[in-house]
Amino acid sequence: MFLAFTLLTLGSALAMAFQKNVIVAGLFLVATFIGVSGLFILLSNPVSAALQIIVYAGAILVLLLFVIMMLNAHEEESPQDDLYLQRYIALGVGGLLLGGSLWFIKQSKLLQSVAERPIDQIAPTSLNEIGAEMLTRHIVSFEMIGLLLLVSMIGAITLVKKRL
Amino acid sequence: MMSTSSFLQALWTGGLQGYLLVGFLLFIIGLMTVLLRRSFLLQFMGIELMLNAINIILLAFGKWQGGAPTASTFYLFIIGVAACEAAVGLALIVELYRLKSTTDADQHSTLRH
């Protein structure tokens, strides 16, 4: 199961990255999010999996596809000038990150000691626990995220509206 | 020291290292999308991919820390920030498209118009 969801996630992410048509790329992004949600279920976290589907695949992707179809910019344009140096630097950074992360996963002793902990009798995270945690220990962050959502909503309206 | 065969076993069957590898690869694919593609909309999708990669790593460590609800709480905060970023980012893209009728990042390389 882990392998299946991993292949779904990484395969559709790669297909998205190399896709010419932006709408098809958006649909591949939906498949990626469904794969990520499956990984969350395997991590015994069904609440996060449901939220992943509802918020990402439901809300954010619908907003994104709506904007794509409204803008009528479905194909990427041909480049004005070839920025080869920038592309090689970008590929170099990516290769460096890949090598570093592989080295970290293979070599880190701290990671191994964490990975050898027993995880057989872990109960799935319940919505009760999350709610209690969020509204007691993290109440200030909770209020701040509500304020941030309000501010970003006002900001988005102000940016797009021509005359207020 | 962990032997190589049990390391590969953890990668294939969903040990902590396997989840970390998926997260890192997804992050790198997202970063490459942002750096190599020129359309604003595709770059935006790359940013969403990077946020999801971080979420996978966060919840994987949350499980191996004993399934504490703190990880899920922070996941909620992260998707809140992602929703804000989607709203403001898409508003900016719409506004830039109105300005020059294109979503190509190379043509929006100056701050003034």
What heavy-atom pair brings [X] and [Y] nearest, and what distance separates the two atoms?
X: B:Ile29; Y: A:Ala17; result: CG2-CB, 4.2 Å
X: B:Met32; Y: A:Ala90; result: CE-O, 3.1 Å
X: B:Ala86; Y: A:Ile60; result: CB-CG2, 3.9 Å
X: B:Thr73; Y: A:Glu133; result: OG1-CG, 3.4 Å

In Å and rounded to the nearest 0.5 Å, what is the [atom1] to [atom2] distance from [X] to [Y]?
X: A:Leu43; Y: B:Ile56; atom1: CG; atom2: CD1; value: 8.5 Å
X: B:Leu26; Y: A:Thr32; atom1: CG; atom2: OG1; value: 7.0 Å
X: B:Leu35; Y: A:Ile89; atom1: CG; atom2: CD1; value: 10.5 Å
X: B:Ser39; Y: A:Ile68; atom1: OG; atom2: CD1; value: 8.0 Å
X: B:Leu20; Y: A:Ser101; atom1: CG; atom2: OG; value: 9.5 Å
X: B:Phe24; Y: A:Leu97; atom1: CZ; atom2: CG; value: 9.0 Å

(request) Could you state whether A:Leu7 and B:Val22 fall into the same hydrophobic cluster, counting links through intermediate Ile, Leu, Val, Met, Phe, Trp or Tyr residues with side-chain heavy atoms under 4.5 angstrom apart? (result) no
- Task: Answer with yes or no whether the hydrophobic clustering places B:Ile79 together with B:Met50; edges join I, L, V, M, F, W, Y residues whose side-chain heavy atoms lie under 4.5 Å apart.
- Result: yes
What do you reckon, is CZ of B:Phe77 surrounded by more than 12 foreign heavy atoms closer than 6.0 Å? yes
Is chain A contacted by the side chain of [X], its backbone, both, or neither, given a heavy-atom distance below 4.5 Å?
X: B:Glu85; value: neither
X: B:Leu36; value: both
X: B:Ala53; value: neither
X: B:Ile28; value: side chain
X: B:Val34; value: neither
X: B:Phe74; value: side chain
X: B:Met45; value: both

* Can you tell which of B:Thr70, B:Asn55, B:Leu21, B:Val88 has the highest number of heavy-atom pairs within less than 4.5 Å of chain A? ->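 Going by pairs under 4.5 Å, I would pick B:Thr70.
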Among B:Phe61, B:Phe44, B:Tyr19, residue most engaged with chain A (heavy-atom pairs, under 4.5 Å)
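The candidate making the most pairs under 4.5 Å is B:Tyr19.
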Top residue by heavy-atom pair count (under 4.5 Å) with chain B, among [options]?
options: A:Thr9, A:Leu10, A:Leu102, A:Thr6; answer: A:Leu10
options: A:Phe66, A:Phe5, A:Phe142; answer: A:Phe142
options: A:Gln86, A:Met144, A:Glu129; answer: A:Glu129
options: A:Leu61, A:Thr125, A:Ile130; answer: A:Ile130

Are B:Leu16 and A:Gln112 close enough that some pair of their side-chain heavy atoms sits under 4.5 Å apart?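 In short, these two side chains do not touch, never coming nearer than 4.5 Å.
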| request: Kindly determine whether B:Leu49 and A:Met16 satisfy side chain to side chain contact (heavy atoms under 4.5 Å, CB included), including the steps that lead there. | output: CA-CA 10 Å; B:Leu49 272 193; A:Met16 188 219 87; 4.2 Å; yes
### Query
A:Leu98 and B:Leu25: side chain to side chain contact (heavy atoms under 4.5 Å, CB included), yes or no, with the steps?
CA-CA 7 Å; A:Leu98 184 65; B:Leu25 284 176; 3.5 Å; yes
Could you go through the side chain to side chain contact (heavy atoms under 4.5 Å, CB included) check for B:Gln17 and A:Lys106 one step at a time? CA-CA 8 Å; B:Gln17 286 96 343; A:Lys106 185 79 181 69; over 6 Å; no
_Between B:Glu48 and A:Phe33, does the side chain to side chain contact (heavy atoms under 4.5 Å, CB included) criterion hold? Intermediate values first, please._
CA-CA 10 Å; B:Glu48 298 291 334; A:Phe33 288 160; 4.1 Å; yes
Using non-hydrogen atoms and a 4.5 Å limit, figure out which bit of [X] sits close to chain B: side chain, backbone, both or neither.
X: A:Val160; answer: both
X: A:Ile145; answer: side chain
X: A:Ser141; answer: both
X: A:Leu29; answer: side chain

Looking at B:Arg37 and A:Gln19, would you say the former's side chain and the latter's main chain have a donor-acceptor pair under 3.5 Å?
yes
| said: Does anything in residues 43-71 of chain A form a side chain to side chain donor-acceptor pair (under 3.5 Å)? List the pairs, not counting sequence neighbours. | reply: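 Listed by first then second residue: A:Asn45-A:Ser48, A:Asn45-B:Ser72, A:Gln52-B:Asn52, A:Gln52-B:Tyr75.
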